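Before any comments, here is the structure.
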Amino acid sequence: MAIQEALLDKPRKSIPKTFWLILSLAAIISSSALIATHLKKPTSFFHFSSAPNLCQHALDTEACLTHVSEVVQGPTLASTKDHKLSTLISLLTKSTTHIQEVMNRANVIKRRVNGPREETALNDCEQLMDLSMDRVWDSVLTLTKNNVESQQDAHTWLSSVLTNHETCLDGLEGASRAVMENDLEDLISRARSSLAVLVSVLPKPDHKEFIDESLNGEFPSWVSNKDRRLLESRIGDIQANVVVAKDGSGKFKTVAEAVATALDNGKTRYVIYVKRGTYKEKVEIGKKKTNVMLVGDGMDATIITGSLNFINGTATFNSATVAAVGDGFIAQDIGFQNTAGPEKHQAVSLRVGADQSVINRCKIDAFQDTLLRTSSLQNSLSNCFSTQNHFHQQVRIGFSTTIINITHTSSKLHHHHVQ
């Protein structure tokens with residue numbers, strides 16, 4: 001009892017509520033500071049001092065370092081075990097915001113210009129930016145696999161993004177170019193930085209296996225066995241999903257109508273057989289029309305023709321008689337033609353912006369910019385002929401691309417795989 005009294009006689013002084021309030025505020029402030037620090041420096045293992053290594057392959061090192069610093073010191077750095085790869089993914093993610101802004105600006109300017117050529121060029125830019133957005137996100141997703149094959153795909157797609165930006169800028173003129181040039185130059189710079197950072201994370205020390213593929217057969221390894229059998233088939237031996245015929249003996253009379261029936265984002269091969277005849281039309285195989293195959297009765301028997309050209313107001317990009325953007329496109333035993341004469345300047349027969357596309361046993365006929373390849377993607381062109389030697393190869397960088405030897409009148413175009 002005495003002990004209890006002693007304890008009661010010396011009660012602890014209560015701590016003022018003000019003290020607890022101050023302590024709580026201090027804890028909140030400290031936590032906020034820690035969170036802010038964590039966001040600014042997402043990983044303690046990556047330091048900006050590593051940035052020069054990321055940009056060692058850049059054409060413009062200063063610009064690359066600026067772009068890297070934006071994500072290294074910002075809150076958007078992705079989280080992977082490979083911190084260089086994290087930086088690259090963050091760099092790509094950030095670039096989509098800039099691409100979207102340019103798309104929006106092109107749309108706004110398009111509604112305010114008067115000239116049809118400028119309006120067409122801005123339409124082209126919107127289409128190219130849309131394709132670029134898809135390729136960037138494709139790259140982000142595949143890079144999370146963190147293997148050589150995924151890095152190879154990413155490099156191919158990001159190369160096409162750079163080409164798309166430059167193609168957009170090349171087509172602009174007048175007021176629209178003046179307004180958009182700086183933004184497009186910024187996109188071009190960011191695309192180059194992304195490619196430089198990607199190269200820095202490639203397998204070391206030898207990139208040869210990554211860069212090139214040894215062609216043991218007629219077609220690259222990415223051509224499936226089913227497609228290989230189609231490509232090796234004789235004229236008339238391929239079973240088609242739909243038939244096009246000018247005389248009405250098929251389901252459709254125009255190629256464009258048949259293309260429209262292909263499923264969007266189709267996973268299986270959709271074969272369109274175009275019977276003998278000359279089809280005067282513009283055919284667009286959009287990005288959603290994947291795995292479409294056009295097959296005819298021979299390069300001199302089935303001909304798709306047009307005459308759009310630069311002088312008459314159509315930009316080079318949009319002058320193609322046939323434009324194929326949907327991945328997995330195949331053309332076989334068909335002639336592509338643009339009849340605009342040399343006085344009309346750029347006039348494209350065939351424009352290919354599709355990944356993993358094959359042009360086999362075809363004739364590509366025009367006077368200038370006969371074949372326009374607008375993306376540095378995986379393409380194969382074999383056993384084909386051209387009546388002219390003017391080709392527009394809008395491909396700046398690309399590791400996994402199959403292109404053609406540029407040859408003279410009525411010469412055979414050989415399958416040729418290059419870096």
Side-chain angles (χ1 to χ4, degrees), residues 63 67 70 88-113 115-142 153-195 198 264-265 284-290 314-320 323-327 348 351-355 372-377 392 394-398:
H67 298 146
E70 290 174 358
L88 174 59
I89 292 174
S90 293
L91 204 62
L92 294 174
T93 303
K94 185 175 180 63
S95 73
T96 60
T97 302
H98 296 277
I99 295 171
Q100 186 63 55
E101 288 173 354
V102 172
M103 281 181 66
N104 296 341
R105 189 165 291 112
N107 185 265
V108 170
I109 298 171
K110 183 179 65 179
R111 297 197 298 267
R112 288 166 171 77
V113 297
R117 191 193 293 273
E118 281 191 84
E119 185 176 348
T120 299
L122 289 165
N123 273 326
D124 293 344
C125 281
E126 285 188 272
Q127 181 182 344
L128 288 162
M129 294 303 109
D130 188 40
L131 291 171
S132 291
M133 287 283 281
D134 288 344
R135 296 304 184 194
V136 171
W137 284 119
D138 287 343
S139 300
V140 168
L141 292 176
T142 198
D153 286 340
H155 194 285
T156 300
W157 293 331
L158 294 178
S159 297
S160 75
V161 170
L162 172 59
T163 305
N164 288 345
H165 297 338
E166 294 184 320
T167 302
C168 168
L169 182 58
D170 289 346
L172 294 176
E173 56 186 38
S176 58
R177 184 181 181 96
V179 173
M180 294 191 62
E181 186 166 12
N182 287 341
D183 291 326
L184 285 166
E185 291 287 3
D186 180 64
L187 287 185
I188 290 169
S189 179
R190 290 179 183 278
R192 287 174 175 159
S193 295
S194 297
L195 282 165
L198 174 58
D264 286 350
N265 304 310
E284 293 193 8
I285 300 164
K287 70 173 186 175
K288 291 185 178 181
K289 301 298 182 182
T290 54
T314 304
T316 304
F317 177 80
N318 208 37
S319 69
V325 181
D327 291 346
V348 178
R351 169 165 60 86
V352 180
D355 195 15
L372 175 62
R373 291 180 59 250
T374 57
S375 295
S376 184
L377 300 172
H392 200 75
Q394 284 195 315
V395 177
R396 276 73 176 187
I397 298 177

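Numbers for residues simply follow the sequence, beginning at 1. All of these numbers come straight from a predicted model, not from anything done at the bench.
- Of the residues listed (Thr163, Thr167, Ile99, Asn123), the one engaging Leu128 in a side chain to side chain contact (heavy atoms under 4.5 Å, CB included) is Thr167, and it is the only one.
- The pair Arg192-Glu166 meets the salt-bridge criterion, with a side-chain N (NZ, NE, NH1 or NH2) lying under 4.0 Å from an Asp/Glu carboxylate O.
- Of all the heavy atoms in Arg351 and Phe317, the pair that sits closest is NE-O, 2.7 Å.
- Taking a cutoff of 4.0 Å between a charged side-chain nitrogen and a carboxylate oxygen, Arg190 and Glu70 qualify as a salt bridge.
- Counting only heavy atoms from C-beta outward, the side chains of Glu284 and Val325 never approach each other to under 4.5 Å.
- Interatomic distance, CG of Leu198 versus OG of Ser193, reported as 12.5 Å (0.5 Å rounding).
- Applying the side chain to side chain contact (heavy atoms under 4.5 Å, CB included) criterion to Asn265, with sequence neighbours excluded, gives Lys288.
- Taking every heavy atom of both residues into account, Gly326 and Ala354 meet most closely at O-CB, 3.0 Å.
- For the atom pair NZ of Lys110 and OG1 of Thr120, the computed distance is 10.0 Å after rounding to the nearest 0.5 Å.
- Between Leu184 and Leu172, the closest side-chain pair of non-hydrogen atoms falls below 4.5 Å.
- Between the CZ atom in Arg177 and the CD atom in Glu181 there is a gap of 4.5 Å [rounded to 0.5 Å].
- Pairing each heavy atom of Thr142 with each of Ala154, the nearest pair is CG2-CB, 4.1 Å.
- By the 4.0 Å N-to-carboxylate-O rule, Asp327 lies too far from Lys287 to be salt-bridged with it.
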